[in-house]
Amino acid sequence: MTSQSLSDTSSRPRLPLSKRLPLHWLGLAPFAAFVILFLIMPTMYIVIGAFRSADGGFTLDNVIGLNTASIRSAYWVSIKISLASSSLGCLIGFCMAAAMTLGGLPKFVRGPLLTFSGVASNFAGVPLAFAFLATLGPIGLVTVFLKTNFGLDLRLLGFNILSFWGLTITYLFFQIPLMILIITPALDGLKREWREAAAILGATGPQYWRMVAFPILFPSILGTMALLFANSFGAVATAIALTGSSLNIVPILLFAQIRGDVLGDPYLGYALAFGMIVVTGIANTIYIVLRARSERWQQ
């Protein structure tokens, strides 16, 4: 290399550090570290553990072990609870969101309702279980009030907070607000011109909803239902705190396998968790696909 080329290289202006290293990406570093440490790495550890034996070798026995009567029953009960809570959550949440955005409710209701929905959609675990036990439990506020003042015994009527419907009703506390938060932007996206055009063409209100609004909203509703299904299927703390071991569902069965008891099988627990990942992954994929389709309609 000649002295002339060296002098040209040394005299060439250097790019600023902000151009060579985009510092604005550093703002995502804490989030990326959180996702890697607490989501990706634990998920990969569970997936690998589902196919690992006690001596560290590869095996399919853990996954094959899921095909037992008790585990199949636990998955089926969990799926039924998730379907019930997601269906009811979608129906009630949609009606509340529609009344807020398109109905005749006062405008000042929107702010408090959305704020409460944002808080309640993340309210789960032991506090939620305690709240429902204190309200609808054997000696809960509502249970004692109905029995004392009206002679209605919820247990004699067949209701038990520690049962299938008791856990489903408990899940509705965060399922309904989540539905409101997700479906409200979709309802806001319904253009007034569509309704006016339908009215000009002679369509009634029910015909507008059946032929115009509902087909547009259907991907959002179905996708949100899939998200609510995954949200309910993966709920662990609330189910354990509320029902203990009285209900045979996957989260409780998983907890029994990995909590460290001598009778527990951690590798079977990994397989149970792997099955939950598959189910919730399918549900979330359906939500993402249908959500993208709905957004294309409303652009």
Side-chain angles (χ1 to χ4, degrees), residues 78-124 128 164-165 167-235 279-299:
S78 296
I79 290 173
K80 288 194 296 183
I81 291 176
S82 300
L83 284 174
S85 65
S86 60
S87 300
L88 291 174
C90 277
L91 177 61
I92 300 172
F94 179 82
C95 292
M96 294 178 64
M100 176 184 66
T101 57
L102 305 174
L105 290 179
K107 292 184 178 181
F108 66 82
V109 175
R110 182 186 179 101
L113 181 58
L114 291 179
T115 301
F116 172 79
S117 297
V119 175
S121 62
N122 295 285
F123 185 70
L128 179 61
F164 174 93
W165 285 111
L167 186 58
T168 300
I169 292 173
T170 304
Y171 282 171
L172 288 179
F173 188 86
F174 56 78
Q175 297 282 63
I176 294 173
L178 185 58
M179 176 64 178
I180 293 174
L181 290 176
I182 296 177
I183 205 62
T184 295
L187 290 170
D188 288 334
L190 292 176
K191 299 179 181 179
R192 193 192 326 177
E193 292 84 355
W194 298 341
R195 184 154 198 161
E196 293 175 350
I200 292 173
L201 294 175
T204 61
Q207 287 176 330
Y208 162 77
W209 276 98
R210 180 168 56 88
M211 299 179 181
V212 180
F214 186 73
I216 294 174
L217 294 174
F218 182 71
S220 293
I221 296 173
L222 194 60
T224 306
M225 184 176 174
L227 179 64
L228 295 184
F229 177 91
N231 192 40
S232 175
F233 192 84
V279 173
T280 55
I282 293 173
N284 283 318
T285 301
I286 294 173
Y287 165 72
I288 293 172
V289 172
L290 292 176
R291 183 74 177 181
R293 180 180 178 183
S294 174
E295 289 176 353
R296 287 199 303 268
W297 268 96
Q298 294 180 338
Q299 285 179 353

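The shown structure was predicted, so the numbers you read here are calculated from the model rather than taken from an experiment.
Side chains of Val212 and Leu190 form no contact here, defined as non-hydrogen atoms less than 4.5 Å apart. Inter-residue side-chain proximity for Ile183 and Ser220 is flagged as met; some heavy-atom pair is nearer than 4.5 Å. In this structure the side chain of Arg110 never reaches within 4.5 angstrom of the side chain of Leu105, judged on heavy atoms.
Distance check, rounded to the nearest 0.5 Å: OG of Ser117 to CZ of Phe174 gives 14.0 Å. To the nearest 0.5 Å, atoms SG (Cys95) and CE (Met179) are separated by 9.0 Å. If you take OG on Ser85 and CZ on Phe173, they are separated by 14.5 Å, rounding to the nearest 0.5 Å. Arg195 CZ to Leu102 CG: the interatomic distance, rounded to the nearest 0.5 Å, is 7.5 Å. Rounding to the nearest 0.5 angstrom, the gap separating the CG atom in Leu88 from the CG atom in Leu83 is 10.5 Å. In this structure, Ile176 CD1 and Tyr171 OH are separated by 15.0 Å, a value rounded to the nearest 0.5 Å.
Residue pairs meeting the ring pair (Phe, Tyr, Trp, His ring centres under 6.0 Å) criterion with at least one partner in residues 85-116, sequence neighbours excluded, do not occur; the list is empty.
The heavy-atom pair separating Pro215 from Trp209 by the smallest distance is CD-O, 3.9 Å. Contact detail for Val109 and Pro112: the closest heavy-atom pair is O-CD, 3.4 Å. Taking each heavy atom of Phe229 and Ile79 in turn, the nearest pair found is CE1-O, 3.7 Å. Nearest heavy atoms, Gly89 versus Leu172: N-CD2, 3.6 Å. In plain terms, the two heavy atoms of Ala98 and Leu187 that are nearest each other are N-CD1, 3.5 Å. For Tyr287 against Ala226, the heavy-atom pair with the smallest separation is N-CB, 4.2 Å.
Taking the six-membered ring where the residue is Trp, Phe218 and Phe214 present tilted rings, their angle falling between 30° and 60°.
The backbone N or O of Leu228 lies less than 3.5 Å from no partner atom in the side chain of Ser232, so there is not a single donor-acceptor pair. With Thr184 contributing its side chain and Leu181 its backbone, the two residues share no donor-acceptor pair below 3.5 Å. No donor-acceptor pair under 3.5 Å is formed between the side chain of Ser87 and the backbone N or O of Ala84.
More than 12 non-hydrogen atoms from other residues, nucleotides or ligands lie less than 6.0 angstrom from CE of Met100.
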